[in-house]
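As structure tokens, the structure follows; a few thoughts come after it.
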2 protein chains.
Amino acid sequence: MTGERRRATAVDVARLAGVSQSAVSRCFTEGASVSAETRSRVLEAARRLSYRPNAIARSLTTRRTNLIGVVMGDLDGPFQPYLFETLTRGLASRGKQPLLVRGDPADALDGTAMAALDYQVDAVVVTAGSVSPAAIRGLMALGVPLLLYGRAVEADGVDSICCDNPLGARLVAQALVAAGHRRIAYLGGRPTAFSEQERGSAFRAALAELGMPLAAVGEGDYSYDSGHREALRLLAGPDRPDALFCGNDAMAFGALDAARTALGLRVPDELSIVGFDDVPMAGWPSFSLTTIRNPVEDIVATLLDMLERRLADPDAPPVLNRPAPVLVRRGSARL
Amino acid sequence: MTGERRRATAVDVARLAGVSQSAVSRCFTEGASVSAETRSRVLEAARRLSYRPNAIARSLTTRRTNLIGVVMGDLDGPFQPYLFETLTRGLASRGKQPLLVRGDPADALDGTAMAALDYQVDAVVVTAGSVSPAAIRGLMALGVPLLLYGRAVEADGVDSICCDNPLGARLVAQALVAAGHRRIAYLGGRPTAFSEQERGSAFRAALAELGMPLAAVGEGDYSYDSGHREALRLLAGPDRPDALFCGNDAMAFGALDAARTALGLRVPDELSIVGFDDVPMAGWPSFSLTTIRNPVEDIVATLLDMLERRLADPDAPPVLNRPAPVLVRRGSARL
DNA sequence: AGCGCCGTTGCATGCGTATGCAAAGCCGCT
DNA sequence: AGCGGCTTTGCATACGCATGCAACGGCGCT
């Protein structure tokens with residue numbers, strides 16, 4: 001009952017229960033035809049042998065692994081772990097196993113990363129915002145259903161869901177201008193990232209529509225350090241901005257630290273800082289970050305629905321979903 | 001070449017290359033006997049069909065999946081993602097795939113969680129410090145090599161690696177006393193966690209040895225919120241402590257925020273705060289947390305070595321590893 | 001020329017499970 | 001009693017690959 005060298009198989013259970021291997025299999029298959037008596041005999045035998053069906057062998061015949069490839073970049077910032085946590089919990093609750101595919105630093109997917117896909121994942125969810133279009137095409141060529149998070153793509157057989165970045169950027173622009181800010185700066189994330197492209201251009205466009213020039217622009221990479229560095233640069237000059245919109249929360253934290261600790265600025269009196277994502281940390285008193293809430297929980301729930309629908313019908317028309325973000329007012333901006 | 005409904009198999013490649021399926025298999029097996037000419041013909045055919053061996057089918061015969069079960073709790077705090085990131089990168093670099101097993105809130109491992117193990121993982125790495133001993137025994141009964149991180153266990157066939165918590169706690173006690181603190185408080189983490197038991201008792205013992213009473217004790221759960229809450233309680237009374245040692249960094253952040261923002265205390269002048277772990281965030285200027293460095297990178301490297309050794313020889317005697325932590329002096333403590 | 005050896009190759013089989021098919025049982029109905 | 005229909009069961013096979021075994025061929029050697 002304890003440390004047998006080999007795990008029990010369906011054949012072992014069948015022998016003990018005095019039935020055929022097929023009967024055992026049917027007891028563990030939803031909706032199969034087994035009599036109540038056989039089932040209980042089999043389950044009892046299975047219990048005694050600590051038998052559990054071999055998912056590997058099962059998937060060989062069913063052509064379903066219940067493994068979902070999850071393409072992620074680093075878990076560095078506060079956002080990715082939050083998303084990953086939510087996503088993996090959701091997958092588990094629907095009986096699916098996430099299989100991690102790490103994007104490499106160059107945003108490509110090398111052999112090591114692709115190795116995970118050799119496990120015959122039923123679908124692939126891409127959450128790394130920076131995976132190159134070429135890599136995406138490579139995934140599509142696999143013939144596996146593909147779900148893109150964090151980028152909006154119109155392509156055959158690819159579903160995507162992505163927070164309405166332009167709306168979020170517009171909300172910030174309007175709120176900042178309405179509150180009387182006049183020297184508004186923007187600190188962008190990694191320029192190759194889809195979200196950056198949308199947020200940056202929408203923010204510029206919204207300000208232009210309001211007749212407000214953009215006072216200064218910085219280029220970060222979504223990391224705390226880059227936010228710190230760029231904020232120092234942007235806020236050092238003579239015509240210091242009175243508001244700074246950052247492409248994500250991590251950079252906003254860096255900017256906040258730079259402004260308060262390194263430059264001795266009072267936030268939000270002398271400088272308003274706004275982030276994007278609303279990670280859990282944004283609510284911590286030391287930050288109290290005013291930011292745009294990226295509705296991760298809703299997004300993941302929707303994403304899982306899209307996934308199930310796609311698995312049920314691989315030929316259904318592709319879906320594009322753009323949930324709306326919302327402005328969360330806290331203490332880092334005078335709004 | 002693009003969206004074929006079914007992926008190519010070794011038989012397809014064999015047909016195209018004019019060889020047997022065995023030959024194809026040998027081309028993808030390390031150290032198998034194939035002539036140079038056959039190999040190139042096969043590889044060319046494989047390339048044209050985008051063939052990659054089916055890891056599922058392969059593992060059925062080799063009895064090796066290269067899947068490693070990774071038992072984790074929540075990815076809430078800053079530490080777990082850091083550890084997970086390091087661990088999964090390390091596994092990938094050694095050709096292993098992490099398969100996530102989520103511990104449920106009650107620290108047990110329910111059916112959903114165990115489902116991951118049906119994928120015939122080669123080994124299980126437990127990183128959740130709060131998984132109950134009963135659950136650990138359940139894992140052992142699976143007959144799968146088990147590696148425990150974050151707890152020290154002496155048991156047959158179980159390797160474990162765990163930062164030397166008592167040493168870390170002693171370092172803090174000595175440094176605080178040496179720096180002249182006289183009212184030292186301790187804020188512990190989840191009492192059921194192994195690390196909490198070691199850190200708490202070693203801290204008490206070390207203070208006692210130095211003839212220093214413990215001024216106050218709080219009980220948190222390793223979360224930021226609990227650190228915030230307990231700090232408010234501990235620091236509100238009349239005889240306010242002049243030093244607070246927290247069971248991990250997350251609680252220290254919460255305590256720091258409570259002390260500075262809610263209570264208006266000057267840190268470290270009026271209160272020294274020390275954490276444990278040294279997560280990346282501890283170095284951020286807004287925290288600048290003095291803490292004990294839990295050498296995660298080294299630990300993971302060692303853990304991976306232990307894993308490979310265990311896989312090579314399941315009957316080798318169990319190993320217990322206790323890497324030494326180190327005190328990192330930053331700005332949150334007067335030391 | 002004949003022998004033996006080694007590097008290659010294909011054949012056949014097994015890994016653990018799911019499932020189509022047919023056989024077997026069972027029931028109620030006429 | 002006989003029949004049709006339904007449920008339950010076992011048999012056989014397939015899933016995609018790795019691998020032991022035997023067959024084959026070429027080579028160097030005597």
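Chain A is the first sequence line, chain B the second, and so forth, proteins listed ahead of strands; every chain is numbered from 1. These numbers come from the heavy atoms of this one structure, side chains and all, not from hydrogens, waters or symmetry mates.
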Can you check whether B/Ile136 reaches B/Leu148 side chain to side chain, under 4.5 Å on heavy atoms? yes

Is the shortest side-chain heavy-atom distance between B/Phe84 and B/Thr127 below 4.5 Å? no

Do B/Ser22 side-chain and C/dC11 base share a donor-acceptor contact under 3.5 Å? yes

Could you give the CZ-to-P distance, from B/Arg52 to D/dC17, as a whole number of Å? 12 Å

Between D/dG25 (C1') and B/Glu37 (CD): distance, integer Å: 14 Å

To the side chain of A/Thr38, which of D/dA18, D/dT9, C/dA18 is closest? D/dT9

Side-chain atoms of B/Thr61 come closest, of C/dT9, C/dC15, D/dT19, to C/dC15

Which nucleotide in D/dA18, C/dG16, D/dT8 has an atom nearest any side-chain atom of A/Ser35: D/dT8

So, under a plain 3.5 Å distance rule, would you say the side chain of B/Ser20 forms a donor-acceptor pair with the base of C/dC11? no

For the base of C/dG10, is there a side-chain donor-acceptor partner from B/Arg26 under 3.5 Å away? yes

How would you label the contact of A/Ser25 with the nucleic acid (heavy atoms, under 4.0 Å): base, sugar-phosphate, or nothing? base

Quick check for you: among C/dG10, D/dT9, D/dT19, whose closest atom lies nearest to any side-chain atom of B/Thr62? D/dT19

So, for A/Tyr119 and B/Tyr119, is the gap between ring centers shorter than 6.0 Å? no

Protein-nucleotide distance (B/Gln21, atom CD; C/dA12, atom C1'), rounded to Å: 11 Å

Would you say A/Arg63 places a side-chain N or O within less than 4.0 Å of OP1 or OP2 belonging to D/dG16? yes

Expressed in angstrom and rounded to an integer, what is the separation of B/Arg15 atom CZ from D/dG16 atom P? 12 Å

Please confirm whether the shortest side-chain N or O distance from B/Tyr51 to OP1 or OP2 of D/dC17 is below 4.0 Å. yes

Mind checking if A/Thr9 touches a base, just sugar-phosphate, or nothing, with heavy atoms under 4.0 Å? sugar-phosphate

NA contact type, B/Val24, heavy-atom cut-off 4.0 Å: base, sugar-phosphate, or nothing? nothing

Would you kindly say whether B/Asp122 and B/Thr65 are connected by a side-chain donor-acceptor distance under 3.5 Å? yes

Nearest-Å distance, OH (B/Tyr119) to P (C/dT17)? 14 Å

Let me know the distance between CG of A/Asn54 and P of C/dG14, rounded to the nearest Å. 18 Å

Of the listed nucleotides C/dG16, D/dA18, C/dT17, the one nearest the side chain of A/Leu60: C/dG16

A/Ile56 has an atom CD1; how far is it from atom C1' of C/dA18, in whole Å? 15 Å

Looking at B/Arg94 and B/Asp305, is any side-chain nitrogen of the basic one under 4.0 Å from a carboxylate oxygen of the acidic one? yes

Nearest-nucleotide comparison on DNA chain D, the residue closer to the 5′ end among B/Ala23 and B/Ala57: B/Ala57

Atom pair distance, as rounded to whole Å: CG in B/Asp118 and P in C/dG16: 15 Å

Run the ring-centre check on B/Tyr222 versus B/Phe79 and record whether the distance is less than 6.0 Å. no

